[in-house]
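Let me begin by presenting the structure, written as structure tokens, before commenting on it.
Because only heavy atoms are used, hydrogens play no part in the values below, and waters and symmetry mates are left out as well, while side chains stay in. Values in this document were obtained by computation on a predicted structure and should not be read as measured data.
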Amino acid sequence: MTGIDSLRPAFFEECEDLLLRLGEGLGRITNATQQNEVESIHDVFRAVHSIKGGAGAFGLTSLVGFAHAFETVLDLMRSGTLSPDAATMHILLRASDVLADLITAARDGQPDPDQMPQLLLELDLIAEGAASPEDEAAALSFQPMKIDLPTLDLDLGPPQEPPAPSGFAITLEPHASLYAAGHEPLALLRALADLGEATVAADTSRVARLGQLDLSCPGLRWRADLRTNAPMDEVMAIFDFVQDMAQVTLMPLPSDPPPPPADPGLAPSAVLPLPTTPAVSAPSPAPATPETPRSAASAQVMPAAMATIRVNLDRVDRLINQIGELVIMEAMLSQAISKAGLREDDDVASSLEGIKQLAAKIQESVMSIRAQPLKSVFQRLDRITREAADATRKQVRLETTGEATEVDKTVIERLVDPLTHMIRNSVDHGIEPADQRRAAGKPPEGIITLSAAHRSGRVILELADDGAGINRPRVRELAEARGLIPPGAQLSPAEIDNLLFLPGFSSKEEVSALSGRGVGLDVVRREIQSLGGRVSIQSTPGQGTVFTIALPLTLAVLEGMVIGVGGETMILPISSIIETIRPGDTDIHTLGRNGRVIAKRGEMIPIIDLAQSFAFPFAADDQNRVLILVECDSGGRAALAADQIFDQRQVVIKSLEDNYGCVPGISAATILGDGRIALIVDPEEIVLRAATTTRPLPLAANG
């Protein structure tokens with residue numbers, strides 16, 4: 001791998017950040033004030049320009065050409081020649097999508113996206129249409145004039161070849177942000193060797209002593225003499241995608257340079273030999289003095305850059321697994337101390353309590369490393385909305401709030417597909433065509449709102465549209481026709497809405513690009529459930545539909561209550577528990593033949609026996625049992641009957657799906673302090689199945 005090729009991974013990582021800036025800037029332009037609009041246009045222009053410069057360094061011609069056309073339109077907007085109207089912004093948003101596809105194709109070695117030629121033509125048409133009328137009139141009125149000049153017979157002697165410069169003197173002074181982003185200056189300097197013969201020396205004269213070192217001002221710089229015939233633009237292209245993180249100057253080298261003066265601050269040179277060829281003269285830029293102090297703005301940005309670091313995700317995963325093992329070992333030690341009968345004021349017991357607190361803090365810190373904001377997911381869904389609106393020929397806009405809400409990275413990666421399906425479902429089924437919206441007194445443009453927030457130790461996502469809502473009679477009719485429910489079944493509005501989550505349900509009779517293939521919201525529910533979350537639906541006819549997704553903050557550890565059920569030890573998530581109840585003689589009432597309810601604060605709450613649900617041996621006597629009141633994400637409540645409550649502790653989640661698939665009523669498993677395996681109960685699934693069937697869950701049969 002050559003020096004320049006070794007920088008490709010860093011370039012594509014940088015492109016991810018630049019695409020985020022690009023998407024944010026385009027989103028701000030439409031609704032911004034005039035001053036903020038200009039600032040946003042400049043920000044978008046810089047992002048596209050940086051992508052173009054980096055792509056040029058790696059010879060990505062398609063990406064460079066498209067970015068150049070994109071950049072031209074943005075430059076017209078910067079100068080005020082082109083206004084960012086709705087039609088122009090729609091094309092620019094689609095162009096940003098194609099730019100992202102081009103970057104992905106270049107990274108993975110795939111062909112260019114099919115949409116590129118069409119978008120390239122549309123960008124060129126915008127640029128041509130924004131030409132000044134005065135310039136066009138001047139071009140049309142220009143008439144060439146013939147001028148006769150006398151012939152001069154001059155003896156100039158033999159032809160002289162122009163003197164060829166020997167190359168460039170390059171100074172590279174990295175800012176602290178370059179190191180913080182994980183870039184390696186040595187890789188940049190090695191890339192110079194691909195263009196000619198480079199002599200590199202490090203200047204340590206401005207590096208402070210260790211005791212006085214200021215990390216925001218590294219002070220280290222390099223001087224490179226490059227003997228090459230490459231033009232200046234090609235040399236500068238090596239540093240294009242780090243230009244905001246370093247000070248780079250180029251000066252032409254004289255044809256016969258004098259020997260370098262002795263400089264105590266210069267380290268011994270490292271020579272990278274390549275054959276020297278005659279050089280072509282290139283204009284020299286205005287020299288930037290390396291000693292020029294940094295601007296105040298740069299000084300303010302430096303500390304923020306030092307707060308980030310790029311770490312391989314595998315290392316974080318290994319650290320999280322080790323933290324999980326630490327939690328298990330702490331539980332085992334606690335169990336051993338309890339069996340030994342040591343007092344709580346014993347030194348060993350008090351030291352164990354200190355270990356618990358320390359382990360909890362370490363675990364919290366490690367979990368926060370994996371936490372990432374949902375901004376990247378929301379921006380991707382903005383593109384999905386545009387594509388779905390174009391496919392259905394509807395006017396739809398996505399509005400987002402809570403982009404800074406942080407979620408475990410694993411959750412984010414697996415959240416994209418279900419949210420994509422739900423966005424397309426809202427556009428295709430929820431939002432009405434423009435003429436129907438006008439007839440209903442609504443604006444022609446439909447709005448989908450996506451919000452995220454932390455609530456009660458969980459992440460709550462809400463996806464709402466202002467469409468027509470769910471046509472419940474139609475849903476019921478289709479469910480009966482497909483045999484999903486018996487004819488004439490008594491169903492509440494919420495139960496009819498939940499029919500949309502049944503496998504194979506689809507209200508589309510014709511197959512389209514978005515729906516109609518019988519793969520519906522059941523896929524969304526299964527994916528969310530595999531993340532340990534829940535999805536619910538609420539709809540108001542004529543006003544719209546709201547999907548609510550509740551997810552755990554992390555997939556590694558949860559706070560649980562250790563309970564006994566039918567002779568087995570199980571874990572119930574604390575996040576779903578409201579309170580525990582020791583029922584009295586008059587608290588429990590019989591309902592029907594098998595149903596039982598408990599009166600609590602004027603509310604009749606159904607009782608679900610966990611042992612009976614899992615077909616474990618159970619006793620019908622409720623007097624000596626404990627009831628655990630839980631609340632589902634959909635708002636429903638139930639009292640789960642257990643034999644006893646042992647403890648409350650943090651448990652490490654171990655997935656069962658790889659070996660056993662989806663186990664009804666069970667979300668995962670964990671390892672207890674005595675080494676035994678305990679299953680983690682899924683209270684939402686328990687309550688849902690109890691409301692729809694009287695059959696026990698097949699857990700006992702599965703062993």
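No side-chain heavy atom of Leu82 sits under 4.5 Å from any side-chain heavy atom of Asp75. Between Thr72 and Leu123, the closest side-chain pair of non-hydrogen atoms is not below 4.5 Å. Considering only heavy atoms from C-beta on, Arg21 comes within 4.5 Å of Leu18 through its side chain. Annotation: side chain of Phe501 is in contact with side chain of Val535 (closest heavy-atom distance under 4.5 Å). The side-chain heavy atoms of Asn425 and Phe547, taken from C-beta on, include a pair separated by under 4.5 Å.
Taking a cutoff of 4.0 Å between a charged side-chain nitrogen and a carboxylate oxygen, Arg386 and Asp382 qualify as a salt bridge. Note on Lys394 versus Glu445: no salt bridge recorded, every NZ/NE/NH1/NH2 to OD/OE distance being 4.0 Å or above. Taking a cutoff of 4.0 Å between a charged side-chain nitrogen and a carboxylate oxygen, Asp43 and Arg46 qualify as a salt bridge. Between Arg526 and Asp522 a salt bridge is recorded (basic side-chain N to carboxylate O distance below 4.0 Å). Here Arg397 pairs with Glu399 in a salt bridge; the nearest charged N to carboxylate O distance falls below 4.0 Å.
Not one N or O on the side chain of Thr392 forms a donor-acceptor pair closer than 3.5 Å with the backbone of Asp428. No donor-acceptor pair under 3.5 Å is formed between the side chain of Arg438 and the backbone N or O of Pro444. Within the 3.5 Å criterion, the main-chain N or O of Gly446 finds no donor-acceptor partner in the side chain of Asp466. Side-chain N or O atoms of Lys442 include one that pairs as donor or acceptor with a backbone N or O of Gly467 at under 3.5 Å. Proximity of a side-chain donor or acceptor of Asp108 to a complementary backbone N or O of Gln110 within less than 3.5 Å is not detected. Counting only distance, with no hydrogens or angles, the side chain of Thr104 and the backbone of Ala100 share a donor-acceptor pair below 3.5 Å. The closest donor-acceptor contact from the side chain of Thr405 to the backbone of Ala452 lies under 3.5 Å.
The distance from the OG atom of Ser83 to the CG atom of Leu76 is 11.0 Å, given to the nearest 0.5 Å. Going from atom SG of Cys15 over to atom CG of Leu20 covers 11.5 Å, rounded to the nearest 0.5 Å.
Using modelled atom types and a 3.5 Å distance limit, the side chains of Gln379 and Ser376 yield no donor-acceptor pair. Side-chain atoms of Asp417 and Thr420 form no donor-acceptor pair, as typed in the model, at a separation below 3.5 Å. No side-chain N or O of Asp497 forms a donor-acceptor pair with one of Ser539 less than 3.5 Å apart.
With a 6.0 Å radius and a threshold of 12 heavy atoms from other residues, nucleotides or ligands, Asp114 has its CG atom at or below the threshold.
Counting all heavy atoms, side chain and backbone alike, Arg28 lies closest to Ser40 at NE-OG, 3.3 Å. Nearest heavy-atom pair, Leu188 versus Phe239, reported as atom, atom and distance to 0.1 Å: CB-CE2, 4.1 Å. Across Gln372 and Ile412, no two heavy atoms sit closer than the pair O-CD1, 3.2 Å.
Every side-chain hydrogen bond (donor to acceptor under 3.5 Å, both in side chains) that His68 has, sequence neighbours left out, goes to Lys52.
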